Trainee: 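Could you have a look at this structure, given as structure tokens, before my questions?
Quantities reported herein were computed from a predicted structural model and do not represent experimental measurements. Just follow the structure's listing: the first ligand is 1, and inside any ligand the first atom is 1.
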Amino acid sequence: MLDLTHIAMREIRVALKARFRISSGATQERRVLLLRLTDRDGTESWSECVAGETPHYSPETIDTCALAIREWIAPRVLGRRFPSPAELSATLDAAIRGHYMAKAAVEMGTWALEAARRGIALAELVGGQRETVATGISLGIQESPDALVAQACDARRQGYRRVKLKIQPGADVEYVAAVRTALGPDALLTVDANCAYRLEDLQLLRRLDDYDLVLLEQPLAHDDLVRHAELQRQLTTPLCLDESITGPDRAQDMIALGSGRIINIKPARVGGFTRAIAIHDLAARHGMPVWCGGMLETGIGRAYNVALASLDNFSLPGDLSPSSRYWHRDIVAPEWTMADGMVTVPRHRPGLGVEVDLDYLDEVTVRETTLAP
Ligand code: OSB
Ligand code: MG
């Protein structure tokens, strides 16, 4: 039984090693909202809210999430008992429209809490079987095709199993062609447009069919399914949806409409693990592969994604880069590492599988509030 007595909200400020640019905006300094959940029996867990500082990827931001958690989500869960995270998820769904990343921060925290209490790994609680998960890298938009090629070659030397290129009008076909030539025909290559195109760009998008891409991620609007279906009918490259899939119902609509053939599951985008697993299971029943996306997480968010990606139908490499890709110093110990393009699922440690480095966390914390019933 889950019985939360406190939720501590902590904002930290951490700088990425390098600016990360996608079609909808750039990030270097990150403000990250972390939660520490405490249960009546004293068990604690940490979770991460992945919302950015601006609404460039989704309508949510770190500030809307903090507001939603404080005003509407925490009051619904603190001091109430839930048999499991699934019931807590259903309660939040019924009571609050949208605010998926805010709900997810709390809901995912209860999965780690439940795992810690049972003394099992988060991956085991989720039902994941893998010992290691395959990792791809996401490369931001660069100044020139040459600069992108240099990063792609470096990624391959590091062992990444897949390279994803961020694209936008003006930085697409030429960049993709250069990287395909540099990496050769066997490299797993994908592209992500983060909503930068319109259906009218069909002729341009069709040119991407020449580069044997594993997938083209979210070319059209963040809430679109109908135009993506039209586009998929005109392309041979499989479309993969990210922003458009905010829950199991949207995944079902995507399948019914033919809006794409692959789903990028980010548990935070869809409101948490309960809904992420429902999408995973639905896709599996339809023979549709899924993979786990990233949101420039710290090592806490990474722990959740790695556990989720240990499920069977996460059959393409995820955006699960090790700590050193983004951070000079991560906030967890041990830091996340990659060997031969694989990240090890911490199956032999209970809960998240990593410890939070509290000394460093205090150094980067800018505010903290504790919510109680
Ligand atoms: O679309 O997958 C995306 C980062 C911020 C916002 C959106 C996206 C991304 C990434 C980062 O691609 C992937 C990662 O965390 O390694
Ligand atoms: Mg994406």
Trainee: State, yes or no, whether a side-chain contact exists between L139 and F20 at a heavy-atom distance under 4.5 Å.
Mentor: no

Trainee: Looking at R198 and D201, is there a salt bridge between them, counting it only when a charged N and a carboxylate O are closer than 4.0 Å?
Mentor: no

Trainee: Is it true that D172 and Q168 share a donor-acceptor pair across their side chains at a distance under 3.5 Å?
Mentor: no

Trainee: Show me which atoms of ligand 1 lie under 4.0 Å from any heavy atom of D319.
Mentor: 12 (O), 13 (C), 14 (C), 16 (O)

Trainee: Any Lys/Arg nitrogen of D210 or R180 sitting under 4.0 Å from an Asp/Glu carboxylate oxygen of the other?
Mentor: no

Trainee: Any nitrogen or oxygen of I22, side chain or backbone, less than 3.5 Å from one on ligand 1?
Mentor: no

Trainee: Nearest protein heavy-atom contact for atom 14 (C) of ligand 1: which residue, which atom, what distance?
Mentor: Y326 OH, 3.2 Å

Trainee: Under 2.8 Å from the Mg ion (ligand 2), how many protein N/O/S atoms can be counted?
Mentor: 3

Trainee: Hey, are the side chains of L231 and P219 touching, using non-hydrogen atoms and a 4.5 Å cut-off?
Mentor: yes

Trainee: Knowing that exactly one of K164, K266, R261 qualifies, which makes a salt bridge (charged side-chain N to carboxylate O under 4.0 Å, His left out) with E217?
Mentor: K164

Trainee: Answer yes or no: is there an ion pair linking R275 with D249, defined by an N-O contact shorter than 4.0 Å?
Mentor: no

Trainee: What is the nearest protein non-hydrogen atom to atom 5 (C) of ligand 1, stated with its residue, atom name and distance?
Mentor: M295 SD, 4.1 Å

Trainee: Indicate yes or no: at least one non-hydrogen side-chain atom of W336 is less than 4.5 angstrom from one of P346.
Mentor: yes

Trainee: Write out the residue and atom name of the closest protein heavy atom to atom 1 (O) of ligand 1, then the distance separating them to 0.1 Å.
Mentor: N194 ND2, 2.8 Å

Trainee: Taking non-hydrogen atoms only, is L320 closer than 4.0 angstrom to ligand 1 via side chain, backbone, both or neither?
Mentor: neither

Trainee: Examine N264 against ligand 1 and note whether any of their N/O atoms are separated by less than 3.5 Å.
Mentor: no

Trainee: Taking only heavy atoms of D242, which atoms of ligand 1 are found under 4.0 Å from at least one of them?
Mentor: 1 (O), 2 (O), 3 (C)

Trainee: If you measure every N or O of S321 against every N or O of ligand 1, does any of those distances drop under 3.5 Å?
Mentor: no

Trainee: Suppose we screen for ring pair (Phe, Tyr, Trp, His ring centres under 6.0 Å). Which residues come up paired with Y160, at least two apart in sequence or across chains?
Mentor: none

Trainee: Strictly under 4.0 Å, does any heavy atom of K164 approach an atom of ligand 1?
Mentor: yes

Trainee: Which bit of I137 gets closer than 4.0 Å to ligand 1, counting heavy atoms only: side chain, backbone, both or neither?
Mentor: neither

Trainee: Counting heavy atoms only, name the option from G293, G136, G294 that's nearest to atom 11 (C) of ligand 1.
Mentor: G294

Trainee: Among all protein heavy atoms, pick out the one at the shortest distance from atom 4 (C) of ligand 1; state its residue, atom name and that distance to 0.1 Å.
Mentor: F20 CE2, 3.8 Å

Trainee: Would E297 and N305 count as having a side-chain donor-acceptor pair, cut-off 3.5 Å?
Mentor: yes

Trainee: Would you please say whether a donor-acceptor pair under 3.5 Å links the side chains of N194 and E243?
Mentor: yes

Trainee: Compute the shortest N/O to N/O distance between Y57 and ligand 1 and return yes if it is under 3.5 Å, no if not.
Mentor: no

Trainee: Between M101 and M295, is there a side-chain heavy-atom distance shorter than 4.5 Å?
Mentor: yes

Trainee: Can you tell me the protein heavy atom closest to atom 2 (O) of ligand 1 and the distance?
Mentor: K266 NZ, 2.9 Å

Trainee: In terms of residue, atom name and distance, what is the protein heavy atom nearest to atom 15 (O) of ligand 1?
Mentor: L296 N, 2.9 Å

Trainee: Measuring from non-hydrogen atoms of R325 to any atom of ligand 1, is the shortest distance under 4.0 Å?
Mentor: no

Trainee: Is the shortest side-chain N to carboxylate O distance from E200 to R227 below 4.0 Å?
Mentor: no

Trainee: Do side-chain atoms of R250 reach the backbone of V270 as a donor and acceptor pair under 3.5 angstrom?
Mentor: no

